[in-house]
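Take a look at the structure below.
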Number of protein chains: 2
Amino acid sequence: MGLEMIRVMVADDHQLFADGLSQALDSLPDTRVVGVVNSGPDLQEALETQPAEVSIVDIEMPGGDGIDSISVLGRRSRAIVVSMHADDEQRKRAAKAGARGFFSKGVPLLTLAAAVRAVADGRNLLEMDDEERDHVLESYREAELDPGAASLTAREREILQLLALGVSATDELADRLYISQKTVKNHLASIFQKLAVSDRTQAAIEAIRLGIAKPG
Amino acid sequence: MGLEMIRVMVADDHQLFADGLSQALDSLPDTRVVGVVNSGPDLQEALETQPAEVSIVDIEMPGGDGIDSISVLGRRSRAIVVSMHADDEQRKRAAKAGARGFFSKGVPLLTLAAAVRAVADGRNLLEMDDEERDHVLESYREAELDPGAASLTAREREILQLLALGVSATDELADRLYISQKTVKNHLASIFQKLAVSDRTQAAIEAIRLGIAKPG
DNA sequence: TTTCGTTTGAGCCTGACGACCTATCACTGA
DNA sequence: TCAGTGATAGGTCGTCAGGCTCAAACGAAA
């Protein structure tokens, strides 16, 4: 099932924050946290064995400033710096050290996710003025979908959402949508083809995995 | 589909932290974040319209100390206080204000989840010494499963995991498990009964929802 | 030792599913 | 105005899924 994830490394000494962020990014269809470290030196070491397109680095970490560690990352991984107290001073230092993005921890998750996509795509958010950055982030707000999933029609998505909620029988789907069972089966056949699956069980799983629908 | 979740309210002014924690707790089978607020006064207001068994409150919030807001919660919700810089001073103040738990943000997510379960169950973690608290948290480490899901056998779980990975056809399941197709169908019938579902699509979704298996 | 739950296997039968094809109507963009 | 696409609906056909019942072998627990 094609779909190359953006691999993300998280460096933060607050375990709870790192765990939460990991879980959140993993739940998005196009990002995957491949490692969590608690200090700057650990970040470099982790990246040697586990490559990651983007690293999210807390500026406040014990054992050396987070900024120091990103300046030596080089081409291995592109850094987005997050900070508890975002001020212009820190922002400038982050930019100088080669970071591609800078955010306070007050930023919404989906904005950070957009930044991860933008940075993975080669954009440098720190070289933009506020207006341009907002515009770029807006354009990366929506997750890249599978080539197949992207071509799903509105009705097909609707059926997938019901499927992921457990409405699996043809007659129930027809009742919920006020259409005939024949039409439901036609839509399903189209979905199977687009998602490259062969039955409604696999379709439901794919829908959940791609973030089109949520279980329960 | 039975399974009463522990409803959790998150109060933290750092949006990224709150979003991440919400996503993480929601991904567990027995906890659900029903609301996120960014200040103490908002917490009380939110709890009036949306009840929650447990509230996770950051001690450092603008517009009044987080401690102040939990002292007026009363019976509405039990508070677990989290702090950036956990010291004994804060811990004592939290206990005095009626909090049931106190953690630094350096705590692992699964420990906090265990604390949420313990507190929801009526335990007061702040009235215990370190040894007792560790022991209690250990006992709440594993999520409570559905009465149905709990009675699943090892083989049934194995089939559910394959199902959630997209191995949905009877013959493929039989091949993977080196058993006959008849046996696969027998196991599936047993799973359907225990999970109170009627086909493998619903079973796969339930498995994902209950945390027995992960999609993709 | 005996009983119970787990795992394995089977037969039978009905209804549902999925593959393939055609067709109408509405809307949209060229 | 006309082609293309999406949503609707129908038909047929072969296979598979799910409900029901039964049973043997095994290990663990009582």
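Because only heavy atoms are used, hydrogens play no part in the values below, and waters and symmetry mates are left out as well, while side chains stay in. Chain A is the first sequence line, chain B the second, and so forth, proteins listed ahead of strands; every chain is numbered from 1.
- For the helix from C:dT1-D:dA30 to C:dA30-D:dT1, the axis fitted to the five pairs at one end and the axis fitted to the five pairs at the other end meet at an angle of 50° (nearest 10 degrees).
- Between D:dG6 and A:Ser190, no contact under 4.0 Å exists linking OP1 or OP2 to a side-chain N or O.
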Report all interatomic pairs (protein N or O, nucleotide N or O of nucleotides 24-30 of chain D) with separations under 3.5 Å.
none

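- Across B:Gln202 and B:Asp199, no two heavy atoms sit closer than the pair N-OD1, 2.9 Å.
- Pairing each heavy atom of B:Pro108 with each of A:Gln15, the nearest pair is CA-CG, 3.6 Å.
- Sorted by first then second residue, the salt bridge (charged side-chain N to carboxylate O under 4.0 Å, His left out) pairs that include residues 102-112 of chain B, not counting sequence neighbours, are B:Asp12-B:Lys105, B:Asp58-B:Lys105.
- No more than 12 heavy atoms of other residues, nucleotides or ligands sit less than 6.0 Å from atom CD of A:Glu45.
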Between protein and nucleic acid, restricted to nucleotides 15-18 of chain D and to nitrogen or oxygen atoms under 3.5 Å apart, what atom pairs and distances do you find?
unit_1 : atom_1 : unit_2   : atom_2 : d
D:dA17 : OP1    : B:Thr170 : N      : 3.1
D:dA17 : OP1    : B:Thr170 : OG1    : 3.2
D:dA17 : OP2    : B:Thr170 : OG1    : 2.7
D:dA17 : N7     : B:Lys185 : NZ     : 3.2
D:dG18 : OP1    : B:Arg200 : N      : 3.1
D:dG18 : OP2    : B:Arg200 : NE     : 2.5
D:dG18 : OP2    : B:Arg200 : NH2    : 2.6
D:dG18 : N7     : B:Lys185 : NZ     : 3.0
D:dG18 : O6     : B:Lys185 : NZ     : 3.1

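- Ionic pairing of A:Glu53 and A:Arg78 is not present here: no N-O contact between side-chain nitrogen and carboxylate oxygen is shorter than 4.0 angstrom.
- No option in A:Val54, A:Asn124, A:Leu126 other than A:Val54 meets the side-chain contact (heavy atoms from CB on, under 4.5 Å) test with A:Val119.
- Within the model, atoms CE of A:Met128 and CG of A:Leu137 stand 8.0 Å from one another, a figure rounded to the nearest 0.5 Å.
- For the pair A:Asn186 CG and D:dT12 P, the interatomic distance rounds to 15 Å; values are reported in whole Å.
- Checking A:Ser55 against A:Ser77 by side-chain atom types alone, a donor-acceptor pair falls below 3.5 Å.
- For A:Arg141, the CZ atom is densely surrounded, since the number of other residues' heavy atoms within 6.0 Å is greater than 12.
- Legend: residues meeting side-chain hydrogen bond (donor to acceptor under 3.5 Å, both in side chains) with A:Arg133, ordered by chain and number and at least two apart, are A:Asp130.
- Here the closest non-hydrogen pair linking A:Gln50 and A:Met9 is O-CE, 3.5 Å.
- OP1 or OP2 of D:dA7 has at least one side-chain nitrogen or oxygen of A:Thr153 nearer than 4.0 Å.
- Residue-level contact check: B:Thr183 touches the bases, meaning some heavy atom is under 4.0 Å from a base atom.
- Exactly one residue among A:Lys182, A:Lys185, A:Arg200, A:Gln181 makes a side chain to side chain donor-acceptor pair (under 3.5 Å) with A:Thr170. That residue is A:Arg200.
- As rounded to whole Å, 6 Å separates atom C1' of D:dG10 from atom NZ of A:Lys182.
- Close approach of DNA chain C to chain A, defined as any atom under 4.0 Å from a non-hydrogen atom of the protein, starts and stops at C:dC17 to C:dC21.
- Atom CD of A:Glu48 sits in a crowded spot, with more than 12 heavy atoms from other residues, nucleotides or ligands closer than 6.0 Å.
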